Amino acid sequence: WPFCLSAAGLGLKLFDNVYGGDKVSSFDQWIDHAKKHYMSISDDKLEWMALYYDPIEECLHTGGPGAGLGTCFYLLPHDPGLAQILYSSAAARMGWNDPSKKLRVPPDPRFTVLGLVLAKEFGDVTTETRLRAAVEEISEPRAFGEDNSEFGFWFHLGENWPRGQMSALAMVAEVGGPGAWSRIFNEPNTERFSQPTVEGIAFPDLGLSVARNDNDTGILFIEAYAATPSKAGMKTAFRVTNLADAGAVRLRRDGEDYENWRVLTANEIEIETEIGAQNIEVFCTDSGARSLAGLSGTENRRSSQAQGSSLLMPTASSLTMLHQPMATVTCPCCVGG
């Protein structure tokens, strides 16, 4: 399954970039093999793509250009050139990037969502604009749960809960901008492992929407909310670790000095609070302490959002070519024609 193997290769890439090493080199070898055996490209256009290879039956199950969308998503940060071919071939076959053509929406909604995600990543405004309206219709975004405190994409399946994989994929289209998906893997923030870090959040009672260090001011910004509304007002506590000097820390909550916290170790503090919406600023360094007197909470939050870094840290051979007709394949966009 090239789709699955490309995901595994992307995991190796991220592991190497964070921890060092060259485990992903084995995936580079697989890409070379895949180009020869699992796809056909002519004049920078994908003609067919393998959905899977069965070595027992020596059968290669292929699809048309649309079959490359899933592999493209995971391959993009690793091999953007090949990913561009896979994406543009699918978009052209489906007519997504040509306003003069009728927009084709495959029966399997995942392919349309993948098209939107990739269009946004590649900066293909025409395709993104056309697909966003379609995805809005087929994905059925709505709130649910206690006091509508949860959100998901239901895809008109009539089920009790939104499906995890499909909902998560649709959410990718809602966050970041062009190139954001690739930057996660090519430019990972490794400094966060040694910076002040929030730990021990009592989720799902308390939720965090922000935990970000401002590297210039030495301030850790935390924004919390009642993830379970019925628990609002109840007492809770969490820790901040990796502090240079816990004894020099100062806190402010919702713009005012806050004293309801204690030092646990030389590098760790515990903050006591209540479950609910609140903004907490942890002034971690001398420069942070000076900022306590010189900057308002609003200014600090604006600075952190522009300059800070997120710190949420949860504690193949001779083959029989099988190309099934459109009527018997789950997703028509995966077949030729």
Side-chain angles (χ1 to χ4, degrees), residues 1-14 46 49-52 63-80 82-84 86-91 93-94 96-97 103-145 150-186 188 310 312 314 329-334:
W1 293 87
F3 177 83
C4 300
L5 286 173
S6 60
L10 192 55
L12 293 175
K13 180 179 180 64
L14 183 60
L46 180 68
M49 179 85 188
L51 296 174
Y52 66 83
L69 286 173
T71 301
C72 176
F73 178 60
Y74 291 117
L75 192 64
L76 175 55
H78 192 85
D79 191 332
L82 179 55
Q84 176 69 63
L86 300 184
Y87 166 72
S88 60
S89 298
R93 174 60 63 87
M94 301 298 292
W96 288 342
N97 56 359
L103 187 69
R104 292 176 61 187
V105 178
D108 188 331
R110 287 172 295 184
F111 287 89
T112 306
V113 176
L114 273 168
L116 175 60
V117 169
L118 290 167
K120 185 176 183 180
E121 179 72 8
F122 280 113
D124 182 352
V125 178
T126 298
T127 299
E128 180 185 356
T129 301
R130 300 188 76 203
L131 288 183
R132 188 165 293 282
V135 169
E136 187 75 11
E137 174 65 27
I138 66 177
S139 63
E140 193 188 1
R142 59 182 173 90
F144 66 100
E150 309 291 337
F151 176 84
F153 298 87
W154 295 75
F155 289 93
H156 303 282
L157 295 171
E159 298 175 341
N160 293 330
W161 307 99
R163 292 194 183 182
Q165 290 187 4
M166 295 172 67
S167 194
L169 181 60
M171 188 58 71
V172 175
E174 301 295 324
V175 299
W181 172 249
S182 295
R183 286 193 297 271
I184 293 173
F185 302 93
N186 291 314
S310 177
L312 291 177
V329 177
T330 301
C331 178
C333 75
C334 291

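Here the structure is a predicted model, which means the values were calculated and not measured.
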Working to the nearest 0.5 Å, report the span between CH2 of Trp181 and CG of Leu118. 10.0 Å

So, does Arg130 use its side chain to make a donor-acceptor pair with the main chain of Trp96 at under 3.5 Å? yes

Work out which heavy atom in Pro2 is nearest to a heavy atom in Leu51; give both atom names and the distance. CD-O, 3.5 Å

Return the minimal non-hydrogen interatomic distance between Leu116 and Ala173, and the atom names on each side. CD2-CB, 3.7 Å

Check: Ile184 and Pro77 side chains under 4.5 Å, non-hydrogen atoms: no

Anything under 30° is parallel, anything over 60° is perpendicular, the rest tilted; go ahead and classify Tyr52 against Trp1. tilted

Which atom of Gly152 lies closest to which atom of Ser167, heavy atoms considered: CA-OG, 3.6 Å

Below 30° counts as parallel, above 60° as perpendicular, anything between as tilted: where do the rings of Phe155 and Phe153 land? tilted

More than 12 heavy atoms from other groups under 6.0 Å of CD on Glu136: no

Using the six-membered ring wherever Trp is involved, compare the ring planes of Tyr87 and Phe122 and label them parallel, tilted or perpendicular (cut-offs 30° and 60°). parallel

Check Glu121 with Arg183, please: is the shortest side-chain N to carboxylate O separation under 4.0 Å? no

When you look at CD of Glu159, are more than 12 heavy atoms from neighbouring residues, nucleotides or ligands closer to it than 6.0 Å? yes

Work out which heavy atom in Asn186 is nearest to a heavy atom in Lys13; give both atom names and the distance. OD1-CE, 2.7 Å

Donor-acceptor contact below 3.5 Å, side chain Arg93 vs main chain Leu46: no

Minimum heavy-atom distance Ala83-Leu76, with the two atoms named: CB-CA, 3.5 Å

Nearest 0.5 Å, please: how far is CG in Leu10 from CZ in Phe73? 8.5 Å

Between the CG atom in Asp79 and the OG1 atom in Thr71, the distance rounded to the nearest 0.5 Å is 12.0 Å

Check Glu150 against Gly145 and note the closest heavy-atom contact, atom names and distance. CG-CA, 4.4 Å

Taking Lys120 for the side chain and Gly176 for the main chain, is one N or O donor matched with an acceptor at less than 3.5 Å? yes

Nearest-0.5 Å distance, CG of residue Leu131 to CZ of residue Phe111: 14.0 Å

For a 4.5 angstrom cut-off between non-hydrogen side-chain atoms, does Phe185 reach His78? no

Which value, rounded to the nearest 0.5 Å, describes the distance between Ile138 atom CD1 and Arg110 atom CZ? 11.5 Å

